[in-house]
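Notes for the one structure printed next.
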Amino acid sequence: MSDRLPVFPLSTVLFPGLVLPLHIFEERYRALVRELQARPAEPPAEFGVVTLRHGSEVAPEPGEGPAPAPEPVGTAELFEVGCTAELRHVTELPDGRFDVMTVGRRRFRVLDVAQGEEPWLTAQVEWLPDEEPPDGAATLLKPRVLAAFQTYLQLLRPSADILDQMPDDPTVLSHLVAATAQLTLEERHALLAAPDTVARLRAELRLLNREAGLLARVRAVPVPLSDLARPASPN
């Protein structure tokens, strides 16, 4: 089953259940927000977030230089799998811009993209099936991934408070890890596109162990005193 969906190409990957705040200043996306607000309360108003492979499709905010006309975005410029963003809270600013709070809802596969009569981009999407409730394998993987995630966070930010409350649900944990770990866009997208929770958790366990090993080695390398005395670059 497929539907045509308004989409917002971004340089980030959105995961189900994760919060994504957005600052909307382009007129075409202001129009999209107004159109979504005008819809009935049910079903929830949502649009697709798809990840750009390179660059940014969003024009510079006013005051950041001349705004060139946005170049058309085709299917080849986008990653294959995206996630809808459900509109939860909208604040309209005095100059017509919007601050919006969205939450990731459901995954889809992009079949094609088109610029039709609407000012925003739309995509024909195929809905990916909802993930089945976590099975025994996911339950066994969860504590291993959780331990690796906590070790990774402690190495990444030794002085920061580690998250006190971790999700008990393996699927929710898998999405949190994917959204939080400092991974490449390609790695994040692969986790979003994983067929199920078990596959995502297994991939995350490998990635977290890899990243923790790299962080541990970097911290173990002595820094020359001459480097510490070098003035910081303003750039």
**Prompt:** Should the ring pair Phe25 and His23 be called parallel, tilted or perpendicular, given that the plane angle runs from 0 to 90° and is split at 30 and 60?
**Reply:** tilted
**Asked** Listed by chain and number, what are the salt bridge (Lys or Arg N to Asp or Glu O under 4.0 Å) partners of Glu186, not counting sequence neighbours?
**Response** none
**Prompt:** Other than Val172, which residues form its hydrophobic cluster under the rule that side-chain heavy atoms must be closer than 4.5 Å?
**Reply:** none
**Item:** Interatomic spacing from NE2 in His189 to SG in Cys83 - rounded to 0.5 Å
**Value:** 11.5 Å
**Item:** Heavy-atom side-chain contact between Leu78 and Arg53 under 4.5 Å
**Value:** no
**Complete:** For Asp95, the salt bridge (Lys or Arg N to Asp or Glu O under 4.0 Å) test, sequence neighbours excluded, returns Arg97
**Request:** Check which hydrophobic residues are tied to Val103 through side-chain heavy-atom contacts below 4.5 Å, counting indirect links as well, and list them.
**Result:** Val19, Met101
**Asked** Among all residues two or more places apart in sequence or in another chain, which pass the side chain to side chain donor-acceptor pair (under 3.5 Å) test with Thr102?
**Response** none
**Prompt:** Thr51 side chain to Thr12 main-chain N or O, any donor-acceptor pair under 3.5 Å?
**Reply:** yes
**Message:** Do the side chains of Arg88 and Glu86 get close enough for a salt bridge, i.e. N-O under 4.0 angstrom?
**Reply:** yes
**Prompt:** Thr151: what forms a side chain to side chain donor-acceptor pair (under 3.5 Å) with it, not counting sequence neighbours?
**Reply:** none
**Item:** Contact check, side chains of Trp120 and Glu35, non-hydrogen atoms, under 4.5 Å
**Value:** yes
**Asked** So, Glu211 side chain and Leu208 main chain: donor-acceptor pair closer than 3.5 Å or not?
**Response** no
**Request:** Using modelled atom types only, decide if a donor and an acceptor are shared between the side chain of Arg217 and the backbone of Ala212 within a distance under 3.5 Å.
**Result:** no
**Request:** Quick one: which residue pairs count as a ring-ring contact (aromatic ring centres under 6.0 Å, His included) with a foot in residues 80-104, not counting sequence neighbours?
**Result:** none
**Prompt:** Nearest 0.5 Å, what's the CZ-CG distance between Phe47 and Leu87?
**Reply:** 6.5 Å
**Message:** Taking the side chain as everything from C-beta on, heavy atoms only, tell me whether Ser174 gets closer than 4.5 Å to Val145.
**Reply:** no
**Item:** Set of side chain to side chain contact (heavy atoms under 4.5 Å, CB included) partners for Arg106, sequence neighbours left out
**Value:** Glu46, Thr84, Trp127
**Fill in**
Applying side chain to side chain donor-acceptor pair (under 3.5 Å) to Glu27 and not counting sequence neighbours gives Arg34
**Prompt:** Taking the side chain as C-beta and beyond, is there a heavy-atom pair between Leu207 and Leu183 under 4.5 Å?
**Reply:** yes
**Asked** Where the side chain of Lys142 meets the backbone of Asp168, is there a donor-acceptor pair that is under 3.5 Å apart?
**Response** yes
**Prompt:** From Leu173 CG over to Met166 CE, what is the distance, rounded to the nearest 0.5 angstrom?
**Reply:** 7.5 Å
**Request:** For Pro119, check side chain to side chain contact (heavy atoms under 4.5 Å, CB included) against everything at least two apart and list the hits.
**Result:** Arg28, Ala31
**Request:** With the side chain counted from C-beta on, respond yes when Val33 and Val90 share a heavy-atom pair under 4.5 Å apart, and no when they do not.
**Result:** yes
Under 3.5 Å, sequence neighbours excluded: what are the donor-acceptor pairs made by side chains of residues 107-114?
{"residue": "Arg107", "atom": "NH1", "partner": "Leu192", "partner atom": "O", "Å": "2.7"}
{"residue": "Arg107", "atom": "NH1", "partner": "Ala194", "partner atom": "O", "Å": "3.0"}
{"residue": "Arg109", "atom": "NE", "partner": "Glu126", "partner atom": "OE1", "Å": "3.3"}
{"residue": "Arg109", "atom": "NH1", "partner": "Glu80", "partner atom": "OE2", "Å": "3.3"}
{"residue": "Asp112", "atom": "OD1", "partner": "Arg4", "partner atom": "NH2", "Å": "2.9"}

**Fill in**
Sorted by chain and number, sequence neighbours left out, side chain to side chain contact (heavy atoms under 4.5 Å, CB included) with Ala190 holds for none
**Asked** Tell me, do Leu141 and Val198 make a side-chain contact under 4.5 Å, heavy atoms counted?
**Response** yes
**Request:** Please lay out, stage by stage, how Phe8 and Val50 fare under the test side chain to side chain contact (heavy atoms under 4.5 Å, CB included).
**Result:** CA-CA 6 Å; Phe8 201 155; Val50 285; over 6 Å; no
**Message:** If we ignore hydrogens and angles and just use 3.5 Å, is the side chain of Arg200 paired with the main-chain N or O of Leu191 as donor and acceptor?
**Reply:** yes
